[in-house]
Amino acid sequence: LTPIESSIKDEKPYILNVEFIEGTAKMEDRSHSEIKKLYDYLDANPTIKAIVRGHVCCGNNMRISKSRAKAVYRELVKLGISKSRLEYVGMSNNEPLIFPEKTNADRQRNRRVDVKFTKIDL
């Protein structure tokens, strides 16, 4: 199983390996290969929908979490995935992977974009 397939099987969000310039929703260039992997999976599986979720660390910041999710969403649309198969949502700091955040590494893990997958009802 690919990591994406494992996350679907385990019903866990798939954490994208994407990074943003600090304090912005501008993606680092090296993040595009990860978006391409997600695109390839969605392109090959047309009955799958993706909900892109942005997360932040350290405090409530819905705006940046939503902007980062939207940046990933826009890349997928630009590559050719139909908007009808995609959603994006900001989660702010409501679902931390690590709590309490004690180290920079903890905060780094909580700053993420993940994807939940669902089947399209035909």
Side-chain angles (χ1 to χ4, degrees):
L1 287 177
T2 68
I4 291 175
E5 291 165 336
S6 293
S7 81
I8 292 170
K9 184 178 151 300
D10 297 341
E11 297 182 12
K12 289 196 165 109
Y14 174 71
I15 298 173
L16 292 171
N17 184 19
V18 294
E19 291 181 20
F20 295 86
I21 294 167
E22 189 173 336
T24 75
K26 182 164 176 21
M27 245 180 282
E28 297 278 4
D29 287 341
R30 63 182 172 271
S31 299
H32 293 287
S33 63
E34 182 74 2
I35 305 287
K36 178 74 170 78
K37 263 192 269 183
L38 178 56
Y39 163 79
D40 289 341
Y41 179 79
L42 290 168
D43 189 49
N45 294 277
T47 61
I48 298 283
K49 264 183 84 162
I51 302 165
V52 181
R53 306 178 333 145
H55 301 265
V56 295
C57 72
C58 319
N60 187 357
N61 193 334
M62 189 59 77
R63 185 187 57 77
I64 199 94
S65 69
K66 187 172 185 177
S67 296
R68 288 176 174 183
K70 187 175 185 177
V72 171
Y73 165 91
R74 280 192 177 137
E75 285 296 309
L76 290 168
V77 169
K78 205 185 301 178
L79 288 168
I81 300 299
S82 167
K83 288 180 181 178
S84 67
R85 294 178 54 206
L86 298 170
E87 288 177 52
Y88 64 91
V89 62
M91 301 298 291
S92 188
N93 61 341
N94 296 323
E95 284 188 15
L97 294 175
I98 298 172
F99 184 83
E101 299 168 336
K102 290 187 162 82
T103 67
N104 220 15
D106 294 348
R107 290 184 282 281
Q108 185 64 42
R109 289 216 34 225
N110 284 339
R111 281 192 295 268
R112 68 196 186 281
V113 175
D114 65 22
V115 183
K116 280 188 157 179
F117 298 97
T118 58
K119 285 255 189 225
I120 294 174
D121 297 325
L122 297 175

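The structure presented is a predicted model; accordingly, all values stated were derived computationally and were not measured.
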task = Output all residues satisfying side-chain hydrogen bond (donor to acceptor under 3.5 Å, both in side chains) with Thr118, sequence neighbours left out; order by chain, then residue number.
result = none
key: Heavy-atom pair with the smallest gap, counting every atom of Phe20 and Ala71   = CE2-CB, 4.2 Å
query = Once you round to the nearest 0.5 Å, how far does CG of Asp114 lie from CZ of Arg53?
reply = 4.0 Å
message = Could you report the tightest heavy-atom contact between Ile98 and Glu101, atom names first, then the distance?
response = O-CG, 3.8 Å
query = How many angstroms lie between atom CG of Leu97 and atom CD of Gln108, to the nearest 0.5 angstrom?
reply = 11.5 Å
note = Nearest heavy-atom approach of Gly90 to Ser65 is CA-OG, 3.4 Å
ask   = Hey, what's the ring geometry for Tyr73 with Tyr88, parallel, tilted or perpendicular (30° and 60° as the breaks)?
value = tilted
message = Counting only heavy atoms from other residues, nucleotides and ligands, does the tally under 6.0 Å from CG of Asn60 exceed 12?
response = yes
Smallest separation among heavy atoms of Gly59 and Val56, with atom names = O-CG2, 3.6 Å
ask   = Okay, side chain of Asp106, backbone of Thr103: is any donor-acceptor separation there less than 3.5 Å?
value = yes
ask   = What are the two closest non-hydrogen atoms of Ser82 and Ser84, and how far apart are they?
value = OG-OG, 2.7 Å
query = Is there side-chain contact between Asn93 and Cys57, with at least one heavy-atom pair below 4.5 Å?
reply = no
ask   = Same cluster for Ile15 and Ile4 if Ile/Leu/Val/Met/Phe/Trp/Tyr side chains link at under 4.5 Å?
value = no
request  = Assess whether atom CZ of Arg107 is packed by more than 12 heavy atoms of other residues, nucleotides or ligands within 6.0 Å.
outcome  = yes
query = Between Tyr39 and Leu79, what is the shortest heavy-atom contact and its length?
reply = CE1-O, 3.4 Å
ask   = Any sub-3.5 Å donor-acceptor pair from Arg112's side-chain atoms to Glu19's backbone N or O?
value = no
ask   = Got Phe117 and Asn45 here, is their nearest side-chain heavy-atom distance under 4.5 Å?
value = no
inquiry  = Between Tyr14 and Ile48, is there shared hydrophobic-cluster membership here, with clusters defined by ILVMFWY side-chain heavy atoms closer than 4.5 Å?
reply    = yes
inquiry  = Do Glu28 and Ile21 make a side-chain contact, defined as non-hydrogen atoms from C-beta onward lying under 4.5 Å apart?
reply    = yes
inquiry  = Side chains of Met27 and Ile35, heavy atoms from C-beta outward: is any pair under 4.5 Å?
reply    = yes
ask   = Among the clusters formed by ILVMFWY side chains lying less than 4.5 Å apart, do Ile51 and Val77 turn up in the same one?
value = no
task = With rounding to the nearest 0.5 Å, note down the distance linking CD in Glu75 to CG in Leu86.
result = 12.0 Å
message = I want to check something: taking the side chain as every heavy atom from C-beta on, are Val89 and Met91 in contact at a cut-off of under 4.5 Å?
response = yes
inquiry  = Within the 4.5 Å heavy-atom criterion, are Lys116 and Pro13 side-chain neighbours or not?
reply    = yes
inquiry  = Is it the case that the side chain of Ser31 and the backbone of Val18 share a donor-acceptor pair, with hydrogens and angles ignored and the cut-off at 3.5 Å?
reply    = no
Non-neighbouring partners of Lys37 that pass side-chain hydrogen bond (donor to acceptor under 3.5 Å, both in side chains), sequence neighbours left out = Glu34
query = Nearest 0.5 Å, what's the NZ-OG distance between Lys26 and Ser67?
reply = 14.0 Å
key: Min side-chain heavy-atom separation Met62-Asn94 under 4.5 Å   = yes
query = Are Leu38 and Ile81 close enough that some pair of their side-chain heavy atoms sits under 4.5 Å apart?
reply = no
note = Between the CG atom in Leu76 and the CZ atom in Arg85, the distance rounded to the nearest 0.5 Å is 9.5 Å
key: Side-chain donor/acceptor of Glu95 to backbone N/O of His55, under 3.5 Å   = no
